[in-house]
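Single-structure report; data block below.
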Amino acid sequence: MRLSFDTRPANQIDTPVLVSYVFEKDNRIEGTLAALDQATGGRLKRLAESGELTGKALEATFVHDPPGLAAARLLLVGAGKPEKFDGAMLRKVAGMALRWLRTKSVTRMTVLLREGERNAAGAEAVVEGLLLASFDSDFYKTEKKNNKAMESATLAGSEGASVEDIEEGMERGRIIGEAQNFTRTLVNEPSNRLTPRILAERGEAMARECGLDVDVLDEKRIADLKMGALLSVAQGSIEPPRVIVVTYSPAQAKSGAPVLGLVGKAVTFDTGGISIKPSEGMEKMKYDMAGGAAMLGAMKALSALKPAVKVVAVVPATENMPGGKAQKPGDVQFAMSGKSIEVLNTDAEGRLILADGITYAKKLGCTHLVDAATLTGAIVVALANINAGVFTNNQEFEDRVLASARRAGEKMWPMPLDDDYRELIKSTIADIQNISSGRGGGASVGAAFLREFTDDTPWVHLDIAGTAWLDEQKPWAAKGPTGIAVRTLVELAMNL
Ligand code: BES
Ligand code: ZN
Ligand code: ZN
């Protein structure tokens, strides 16, 4: 999709469809819309008075051959109540417009920013919304009968604005939107087309393209490093594991500056292992690598945005299979840190591979850690598919991550993790066990297990099991992978 900015006044823009948005309030036709209304000889006021144009969130009003405008058609999208309007809503408005217009075979559109959004943040949100909406999950359909792609999207609305700011915001939106779509493309791949080795190749290709350093650990190096927890999961599969390490080092990195470690769970398929999952819905477990894919997407964006801090992504990748060599419930494994683990349930495998990922990230010099993982079904019970769960061993660092999530417009909610949860993972035979000895609180128990490997390093764990996959399409997004966490992590790195 080509992106550009049109500095002409709205009435002179000759586009197939000019898009703007309307708030739900009594004087709906104000500001930018009042100007359009005037140009069209009062069309918009009449639509509002008739009750057709209400401004209700994501309502579409299509005006054909608007008089006085060079545009062939005008699409007005409801933006809801002005007091609730934010970047997230603007993203949805732009995205919904794109997907709605595609069903009408429109291939070129122009989004007119209103006076409140004629700045970098507004332009960024619109471009992100457009790019995210243009993603579809139908890669393997041999006949794409659905929608034509949007070929070009133009932004407009330059009166009273700095075009430079807007263009800068558009560029940021493009970088971050494309990074999220890169993540979504990986997450959407079925497990036969994205094994740990293939994921490593895709990560490596991205890193080379973006000028990032990359190191892929194969099974031999993983064994030399004594990553026993990761290997215990991998041993049930014929596919060898990989650890993908991607590094961004800024030119002016000061010594003693923080180094951000991004550790992402990449189980390219989770059958549960010997503690096998029920067959119903198991196909979805191809998305059990969404945490790892989010880290690779964040690195792609950071390579272009160039934060001041060093960032290292560590992505342990494996399948979780019940092969003849698979680990069995009750087996004891030694993690890279030296801790012994009683594996009581082979389906609690994400925490095992992250344990070694976290240890390795610390070994590489990371001073701050964030992990993202589709870790537990329990987080879906607690927060549905609305919020990602956030856990920490350091309140200050968690506050930073939550503030980044808010700025990025990704929903995340703090969850408890205190010393008492540790009691639940005490093992009889080993240092710790990988599931709770009690009932309930599964997401906090998973986090408590991870915390055992962080020691004093400030760490935040994001449980994205509920938020990495959309079961039903939305007006602004296709069904399938969401790319959750990429925006928050980029925001965090840019402000660390
Ligand atoms: N990958 C799953 C978690 C998951 C569940 C992700 C649903 C997405 C949707 C994870 O490896 C798992 O199986 N966790 C178990 C842990 C349990 C055995 C303690 C779970 O949540 O049931
Ligand atoms: Zn599992
Ligand atoms: Zn899993």
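The first residue in the sequence is number 1, and the count goes up from there. All ligand and atom numbering here is 1-based and tracks the order in the structure.
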Considering only NZ, NE, NH1 and NH2 on the basic side and carboxylate oxygens on the acidic side, decide whether D136 and R184 come within less than 4.0 Å. no
Considering only NZ, NE, NH1 and NH2 on the basic side and carboxylate oxygens on the acidic side, decide whether E491 and R487 come within less than 4.0 Å. no
Within the distance-only criterion (no hydrogens, no angle test), does the side chain of [X] pair as donor or acceptor with the backbone N or O of [Y] below 3.5 angstrom?
X: K286; Y: E283; value: no
X: Q433; Y: E342; value: no
X: S275; Y: G272; value: no
X: D463; Y: L375; value: yes

Could you check [atom] against the protein and tell me its nearest heavy-atom contact, residue, atom and distance included?
atom: atom 8 (C) of ligand 1; answer: Y287 OH, 3.1 Å
atom: atom 7 (C) of ligand 1; answer: M285 CE, 3.9 Å
atom: atom 18 (C) of ligand 1; answer: N345 ND2, 3.5 Å
atom: atom 19 (C) of ligand 1; answer: I435 CG2, 3.5 Å
atom: atom 16 (C) of ligand 1; answer: R351 NH2, 3.8 Å
atom: atom 14 (N) of ligand 1; answer: L375 O, 3.4 Å
atom: atom 15 (C) of ligand 1; answer: D347 O, 4.1 Å
atom: atom 2 (C) of ligand 1; answer: D270 OD2, 3.6 Å

What part of K284 sits under 4.0 Å from ligand 1 if we count only heavy atoms: the side chain, the backbone, both or neither? neither
Listed by chain and number, what are the ring-ring contact (aromatic ring centres under 6.0 Å, His included) partners of W476, not counting sequence neighbours? none
Can you find a pair of side-chain heavy atoms, one from [X] and one from [Y], that are under 4.5 Å apart?
X: K426; Y: I432; result: no
X: R406; Y: K411; result: no
X: D371; Y: L462; result: no

Are N320 and T271 close enough, and set up right, to give a side-chain hydrogen bond (donor to acceptor under 3.5 Å, both in side chains), and what steps lead you there? CA-CA 6 Å; N320 187 22; T271 66; 5.2 Å; no
Judging by distance only, is a nitrogen or oxygen of T376 under 3.5 angstrom from one on ligand 1? no
Geometry only, no angles: is D288 polar-contacting ligand 1 at N/O separations under 3.5 Å? yes
What atoms of ligand 1 come within less than 4.0 Å of a heavy atom belonging to [X]?
X: A465; answer: 6 (C), 8 (C)
X: E349; answer: 11 (O)
X: K277; answer: 2 (C), 12 (C), 13 (O)
X: K265; answer: 1 (N), 10 (C), 11 (O)

Heavy-atom nearest option to atom 22 (O) of ligand 1, drawn from S275, G377, G272: G377
What do you reckon, does M289 put a non-hydrogen atom under 4.0 Å from ligand 1? no
For the residue pair Q327 / S232, report whether a side-chain donor-acceptor contact shorter than 3.5 Å exists. yes
Indicate whether any N or O donor in one side chain lies under 3.5 Å from an N or O acceptor in the other, for E398 and N394. no
Side chain to side chain contact (heavy atoms under 4.5 Å, CB included) test vs V19 passes for just one of L101, L98, V126, namely L101
Quick one: name the protein N/O/S atoms under 2.8 Å from the Zn ion (ligand 2), chain by chain. D270 OD2, D347 O, D347 OD1, E349 OE1
